[in-house]
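Heads up: the structure comes next, in structure tokens.
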Amino acid sequence: MSRAPTLLFMSALDDPAEWVPALQRAWPELKVRVWPDAGHPDDVDFALVWKPEPGALRTFRNLRLIINLGAGIDAIAADETLPEGIPIVRLADEGQAEMMSGYVLLAVLRYHRNLHRFEEAKRAHRWTYIHPKPHAHTRVGLMGLGYLGAHAAQSLAAQGFRVSGWSRNPKTLPGIETFAGPDQRQAFLAQTDILVALLPATPDTHRLIDREALYALPRGASFVNVGRGSTVDEPALLAALRDGQIAEATLDVFEREPLPPEHPFWDMPQVTITPHLASVAVPETAARQIVANCRRALSGEAPDYAVDRRRGY
Ligand code: NDP
């Protein structure tokens, strides 16, 4: 190639002042352009994008690789105008996985150590002793054992929790009891005290966590959703929370984001809400993977962590 390889950065959420230097440290010859200053469209080889406007990538005729600036590809998969035949990869970023596992650990430990009860007791000026239990007494189940899910499962297992996981295809993960497919969903849920959902938004996962799933959990189970809001039947979750079937929930993702101010979740003391930030891509760690994939694309090799747009993840 006679000109410098060129990457277009296109994200309204991520700061180019952090990303551009990180990418250039990983590949000094790489020219990085920041949307909307794309330069000549035919010079763009790679697009690093988060939730691009539908149709925004259509003009780049020489694209070799589309890199989704995150793990979930639902926004990009929905763009019917995306050029066909160009591989799409997602980030599989160690920094992002660590951040996600940190959030999951925090939420699980908070319930396991009854911190939410002590927060409530403090508000009432009430000294409330609840005898602590060893980690091994709490069974944590992860729905979704992908790049982030498996990392979170292993972080929980390293803390001594009894960890199981459920995925589409059978898996083997050291120290984790695994279940797969619709036939094993009930058995997986029946032995889960704290359910952590880390599923992608796909046509198959839409409202997968429905009334039947919530009531398959032991009564009084806790629920943490850090995957996607669309994977949960929210009216069913609301009913299960009101009824005590689900004792408490930590929700980072919702069917509608931002969560509308009138949504009943806001007024439920047993629901903790965070605004979709359980984990974000980390430029220092992600840049190396991005650059390695760009180099592979240039030399005609298949990229790592390619996603299947039709499957949705
Ligand atoms: P992966 O794509 O690596 O893994 C997805 C997992 O879900 C796999 O284990 C897959 O099963 C499983 N799965 C998919 N469809 C089904 C189904 N129909 N039934 C059962 N299991 C299914 O994703 P990651 O682990 O990297 O990330 C998970 C999701 O987390 C992302 O898609 C994204 O939406 C969300 N996310 C949220 C963030 C936040 O801040 N809240 C930040 C980053 C990501 P199998 O292994 O058998 O294919």
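All values below were derived from every heavy atom in this structure, side-chain atoms included, with hydrogens, water molecules and symmetry-related copies excluded. None of these values were measured; they are calculated from a predicted model. Ligands are counted one by one from 1 in listed order, and the atoms in each one are counted from 1 as well.
Residues with a heavy atom under 4.0 Å from ligand 1: Ala71, Gly72, Arg90, Gln96, Met100, Gly144, Leu145, Gly146, Tyr147, Leu148, Gly149, Trp166, Ser167, Arg168, Asn169, Lys171, Leu198, Leu199, Pro200, Asp204, Thr205, Val226, Gly227, Arg228, Asp252, Val253, His276, Leu277, Ala278, Ser279, Tyr313.
Taken to the nearest 0.5 Å, the CZ atom of Arg309 stands 5.5 Å off from the CD atom of Glu84.
In terms of the side-chain hydrogen bond (donor to acceptor under 3.5 Å, both in side chains) criterion, Ser230 has no residue partners (sequence neighbours excluded). Under the rule for a salt bridge (charged side-chain N to carboxylate O under 4.0 Å, His left out), the partners of Glu248 that lie at least two apart in sequence or sit in another chain are Arg117.
Screening residues 147-170 for salt bridge (Lys or Arg N to Asp or Glu O under 4.0 Å), with sequence neighbours left out, gives Arg168-Asp204.
Ring geometry, Trp166 versus Phe188: the interplanar angle falls under 30°, so the pair is classed parallel (tilted spans 30 to 60°).
For the pair Arg311 and Tyr313, the cation sits on the ring face: its NZ or CZ lies under 6.0 Å from the ring centre, inside 45° of the axis.
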